[in-house]
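Comments concern the structure below.
Sequence lines set the chain letters: A, B, ... in the order given, protein chains first and strands last, and positions in each chain run from 1.
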Amino acid sequence: MAGVSDVPAPSPARRAFPPNWPLRIGLVALALYVFYASSILNITWARFVEGFGHGGRFLSRMFPPNFAADKLALLYSGMFESLQIAILATVFGILFSVPLGLAAARNLSFAPLAWFTRGLIALLRSFHPVILAILFVKAVGFGALAGVLALIVASMGFLSKLIAEAAEEISMKQMEAIRATGAPFLSVLVIAVAPQIMPRFIGFSAYQLDSNLRNSALVGLVGGGGIGATLFTAFQRFDYDFVLTIVLAIIFTVTVGEILSGWMRRLFQ
Amino acid sequence: MDASVRSAKSANDSAGHALELRNLSKEYRAGIQVLKNISLKFAGRGIAAIIGPSGTGKSTLIRCINRLTDPTSGEILFMGTDLAQLKGRRLREARRKIGMVFQEYNLVERLSVIENVLCGRLGYLPAWRAWLRRFPAKDIERAFSLLDSVGLGDFANERADRLSGGQRQRVGIARALMQDPNLVLADEPTSSLDPKTSVEIMELIARQAAAQGIPVIVNIHNVELAKRYADRVIGMSKGEVVFDGPPKALEHSHLLQIYGGEGWLE
């Protein structure tokens, strides 16, 4: 208020922008904490500058990318496996998500089942795909199977939640009309519910395929098979030029996947 | 169409009454009765129009008949059984014989017109056949001829959401008739339509009901339409039947009693 001395001070009740003290205190506290945390973790400017040097050397060792025939063969087989992991995980993820999502929809299911299923979905969603992959590698051993299982579970968490949400937004009137014809419950689902959620269902299934493609590289890093495993080995052998080849291939595949899934979504909108 | 029409007729004729309601009551909240001890008998043919102000229980009454809403107490006698007692499979089987037409048509918007008409047969079809759209050829043929008879023969493969309101209601009527019903319930079938289309829709309902010998119970706001098309008018006020008789017997004083007040009539 100091700058407006020529204007009579407005009464506090009429201030257009009253100070938000909780927000101010919160922001100051956050700034103090960030300062404290970075000093504890020994994050200093000197280390950051030193890191730049390391990074530069690392990048220079990546060039030129390695396109040797034996490396390309490794790349192909790894990429092929990753694609398979992504597609299998998406297909089975969708299959398992449909009943789970419908059971979680409060307008289609009955309350205890809906709440139980919601809890189950929340549990599935609480783990990152990499954590799931570590668990499954321990359970079923190294390789693509662990990757597929991890991504199925991750897909189920994502898809069933969205299916439940889409199902809860449908028009109950259309459903009621089908119920009034004496149709069995499954027919009501197939005829009145499915068409209403189909555009969104295809949309997020395509998105899930796209995201499984990216995550299939990730789960390989922890032993889940596919291109991630190839990438991890290349790192450990200091084959940085091959690492670049793999990274380029992943970028290419993910971009193509994204274009395809976007195209699929537009087609079915 | 002809064979099924005859079967519907004979079922009604032999039963005497298509439907009888005994002491039907409904409370949405305990102690507040929306329907108060309604007892009505409906003949095996003809149109019965229920008139009355909004919020008087007309919709609740009609929805109780096919149990889209569950009555609190009372009996609903239809084809020799009390619908109020039915559950699960037996309730679904009873619903197959009651067609319903809705105020907002309630078509499945993303399905084609012919698919919507065929929905009337879902009660007779296992779900997997519904999923694969494997309806019996006889049903498909009948669906096409019903579409012709409601004047939408050329729209069979259009998506329902591309139709106008009047056209959608015609599909709704065809879907109800597709059930080969012994009774049709129409809940405000013209309230979302313009006056001209409303007349056309009532005309269609009356014509089809007469041709196929199906009794119709229709909720309607428009008193003129009710008088013009109904064989019987039932006036409701505050959850009770306050008038029941032929349209000719409906007088000014009855309308006052049904709707209350004076000003709106002048």
Side-chain angles (χ1 to χ4, degrees), chain A residues 91 94-103 105-113 162-163 165-206 264-269, chain B residues 62-63 65-69 86 88-112 115-133 135 159-161 168 171-172 175-181 184-185 187 192:
Chain A
V91 169
I94 290 172
L95 279 182
F96 298 142
S97 296
V98 169
L100 207 59
L102 294 178
R106 279 165 293 193
N107 54 345
L108 303 179
S109 176
F110 48 98
L113 178 65
L162 289 179
I163 290 171
E165 277 173 6
E168 283 178 355
E169 281 170 22
I170 64 167
S171 148
M172 295 301 278
K173 291 187 167 174
Q174 301 180 25
M175 211 176 124
E176 187 171 67
I178 302 304
R179 219 152 53 88
T181 67
F185 182 67
L186 271 180
S187 297
V188 175
L189 288 184
V190 159
I191 294 290
V193 178
Q196 293 192 65
I197 63 174
M198 198 49 84
R200 286 178 65 186
F201 176 72
I202 287 169
F204 47 67
S205 296
M264 225 165 104
R265 266 174 291 184
R266 267 199 306 281
L267 195 68
F268 285 95
Q269 234 15 266
Chain B
I62 256 192
R63 292 167 57 86
I65 293 172
N66 66 352
R67 294 275 309 279
L68 289 180
T69 299
L86 298 185
R89 183 187 188 86
R90 298 204 47 215
L91 175 60
R92 288 201 304 273
E93 282 171 2
R95 277 179 177 157
R96 300 193 300 204
K97 281 296 180 187
I98 305 176
M100 191 157 187
V101 177
F102 298 84
Q103 176 178 348
E104 288 171 45
Y105 334 121
N106 297 15
L107 304 181
V108 183
E109 303 274 308
R110 296 182 60 89
L111 294 185
S112 70
E115 281 176 311
N116 268 290
V117 177
L118 282 164
C119 281
R121 300 311 291 174
L122 288 177
Y124 298 91
L125 213 65
W128 68 269
R129 296 196 73 136
W131 188 37
L132 300 174
R133 306 294 191 269
F135 290 88
R159 236 168 69 165
D161 55 8
R168 288 184 203 201
V171 178
R175 174 173 67 188
L177 294 173
M178 191 71 206
Q179 284 176 243
D180 187 15
V184 166
L185 308 172
D187 190 7
S192 303

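In this structure, chain A has no heavy atom under 4.5 Å from any part of B/Glu93. Proximity to chain A is absent for every atom of B/Glu115, based on heavy atoms less than 4.5 angstrom apart. Within the 4.5 angstrom heavy-atom criterion, no atom of B/Arg129 approaches chain A. Only the backbone of B/Leu107 comes within less than 4.5 Å of a heavy atom in chain A; its side chain stays farther off. For B/Leu125, the part lying under 4.5 angstrom from a heavy atom of chain A is the backbone only. Only the side chain of B/Arg175 comes within less than 4.5 Å of a heavy atom of chain A; its backbone N, CA, C and O stay farther away. With a 4.5 Å cut-off on non-hydrogen atoms, B/Arg133 touches chain A through its side chain but not through its backbone.
Note on B/Gly123, B/Ala176, B/Pro126: by heavy-atom pairs under 4.5 Å with chain A, the leading option is B/Gly123. The residue among B/Glu109, B/Met100, B/Arg67 with the most heavy atom pairs within less than 4.5 Å of chain A is B/Glu109.
Put simply, OG on A/Ser171 and CZ on B/Arg110 are 13.0 Å apart, with the number rounded to the nearest 0.5 Å. For the atom pair B/Leu68 CG and A/Arg179 CZ, the distance stands at 5.5 Å (nearest 0.5 Å).
Shortest non-hydrogen contact noted between B/Val108 and A/Ile191 is CG1-O, 3.5 Å. Of all the heavy atoms in A/Ser187 and B/Ala127, the pair that sits closest is OG-CA, 3.3 Å.
Using modelled atom types, no side-chain atom of B/Arg95 and backbone atom of A/Thr181 make a donor-acceptor pair closer than 3.5 Å. Side-chain atoms of B/Asn106 come within 3.5 Å of backbone atoms of A/Lys173 as a donor-acceptor pair (strictly under, hydrogens ignored).
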